[in-house]
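Note that these values count all heavy atoms, side chains included, but never hydrogens, waters or copies made by symmetry. No experiment lies behind these values; they were computed from the predicted model shown.
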Amino acid sequence: VVRLGTEQLVHPLNEQLEHRRRGNDLYKAKKFNEALAYYNKALSVCNFVVGMSSADQREIDTNKVMILMNICAVEIALKNYGAAIKKANEALELDPRSIKILLRRAKAYIGRREYELAQADLDAVKEREPWNWEAEEELRRMKRIQRRDYENDKGMAANVFSPQQQ
């Protein structure tokens, strides 16, 4: 880790921004593994530097949160829900009130079928932003998945307990 003054932070922050932009382009092109590599490079830059002032550190942390959110989105796209939750948790440590992070973590929880945790995140979003349409959409999606899981489980149980055909 290197502690840098404001003037010295410009180059590393620009470097991480370039990596992040490249990652964004690759994400849009659905090249998720390649995007992840660029986001990880950007995160490495942010993890390597520490600001001399609290304002400089806030700038580093703001960039770090954005990178962590991007990594979380990639991990969700790759169905690596545990990794997505881990990155969302890291981002929430730096920005505990972020609606966007809570929504991403809820999506990852839904992907892992951890509905109670997803519900808690979506409730937190709705408490802060009652009008949030994305939270409403995720709630509807979660209910659909839960119904489908219930029907699948019911069908499997019926097959397990039905008499065997010979």
Side-chain angles (χ1 to χ4, degrees), residues 1-28 30 32-142:
V1 176
V2 176
R3 186 176 285 283
L4 300 175
T6 304
E7 308 80 41
Q8 291 87 23
L9 277 177
V10 173
H11 178 70
L13 289 178
N14 284 338
E15 181 183 348
Q16 71 77 28
L17 186 59
E18 284 303 311
H19 291 315
R20 200 168 79 218
R21 285 181 180 154
R22 183 74 179 120
N24 291 345
D25 291 341
L26 290 162
Y27 181 87
K28 289 174 193 166
K30 298 192 183 314
F32 301 123
N33 287 314
E34 293 171 52
L36 185 58
Y38 277 94
Y39 291 143
N40 280 324
K41 286 180 187 178
L43 186 59
S44 292
V45 171
C46 283
N47 285 337
F48 185 69
V49 295
V50 174
M52 295 277 272
S53 71
S54 60
D56 289 344
Q57 190 58 48
R58 272 193 306 277
E59 182 65 26
I60 293 166
D61 289 347
T62 298
N63 282 282
K64 196 172 184 178
V65 165
M66 294 169 74
I67 297 163
L68 289 165
M69 282 194 302
N70 290 349
I71 292 172
C72 184
V74 168
E75 296 292 11
I76 290 169
L78 292 170
K79 298 186 182 343
N80 296 331
Y81 302 118
I85 291 165
K86 183 176 182 260
K87 293 304 178 187
N89 288 340
E90 287 179 44
L92 282 167
E93 286 178 26
L94 296 169
D95 187 1
R97 305 232 357 115
S98 173
I99 298 296
K100 200 170 189 177
I101 299 167
L102 286 170
L103 286 166
R104 294 228 172 120
R105 188 171 70 176
K107 288 178 185 182
Y109 281 139
I110 292 167
R112 285 178 62 136
R113 306 302 199 254
E114 295 182 30
Y115 301 122
E116 289 177 16
L117 293 170
Q119 183 74 52
D121 280 352
L122 294 171
D123 288 346
V125 169
K126 295 296 288 173
E127 185 178 303
R128 293 177 199 158
E129 290 185 359
W131 61 88
N132 190 296
W133 64 269
E134 194 174 351
E136 287 296 324
E137 183 56 37
E138 284 304 311
L139 281 167
R140 282 191 292 276
R141 188 173 77 85
M142 183 173 73

For the pair [X] (side chain) and [Y] (backbone), establish whether a donor and an acceptor sit closer than 3.5 Å, ignoring hydrogens and angles.
X	Y	result
E59	D56	no
R104	M69	yes
Y39	N24	yes

Between [X] and [Y], which heavy-atom pair has the shortest distance, and what is it?
X	Y	answer
G82	R112	CA-NH1, 3.1 Å
P12	V45	O-CG1, 3.2 Å
N132	K126	O-NZ, 3.8 Å
R20	A42	N-CB, 4.1 Å
V74	F32	CG1-O, 3.4 Å
I101	A91	CD1-CB, 3.5 Å

Value rounded to 0.5 Å, distance of [atom1] in [X] from [atom2] in [Y]:
X	Y	atom1	atom2	result
L43	E90	CG	CD	7.0 Å
L92	L102	CG	CG	5.0 Å
D121	I110	CG	CD1	9.5 Å
D95	K100	CG	NZ	11.5 Å
L103	E129	CG	CD	8.0 Å
R128	I99	CZ	CD1	5.0 Å

One thing to verify: whether [Y] and [X] come together as a salt bridge, which I'm taking to mean a side-chain N less than 4.0 angstrom from a carboxylate O.
X	Y	result
R22	E18	no
K41	E15	no
K107	E134	yes

Any side-chain heavy-atom pair of D61 and R58 under 4.5 Å: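 No, every pair of side-chain atoms sits at 4.5 Å or beyond.
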Are L26 and Y38 close enough that some pair of their side-chain heavy atoms sits under 4.5 Å apart? yes
Can C72 and I76 be said to form a side-chain contact (heavy atoms from CB on, under 4.5 Å), step by step? CA-CA 6 Å; C72 184; I76 290 169; 4.1 Å; yes
Does atom CE of M142 have more than 12 heavy-atom neighbours, drawn from other residues, nucleotides or ligands, at distances under 6.0 Å? yes
Count the heavy atoms belonging to other residues, nucleotides or ligands that lie under 6.0 Å from CZ of R140, then report whether that count exceeds 12. yes
With R113, which residues qualify under side-chain contact (heavy atoms from CB on, under 4.5 Å), at least two apart?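 side-chain contact (heavy atoms from CB on, under 4.5 Å) list for R113, sorted by chain: Y115, I145, R148, D149.
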Kindly determine whether K87 and N70 satisfy side-chain contact (heavy atoms from CB on, under 4.5 Å), including the steps that lead there. CA-CA 9 Å; K87 293 304 178 187; N70 290 349; over 6 Å; no
Applying side chain to side chain donor-acceptor pair (under 3.5 Å) to N47 and K64, what does each step give before you reach the verdict? CA-CA 8 Å; N47 285 337; K64 196 172 184 178; 2.7 Å; yes
For I60 and V50, run side-chain contact (heavy atoms from CB on, under 4.5 Å): C-alpha distance rounded to whole Å, both residues' side-chain angles, the deciding distance at 0.1 Å, then the answer. CA-CA 7 Å; I60 293 166; V50 174; 5.5 Å; no
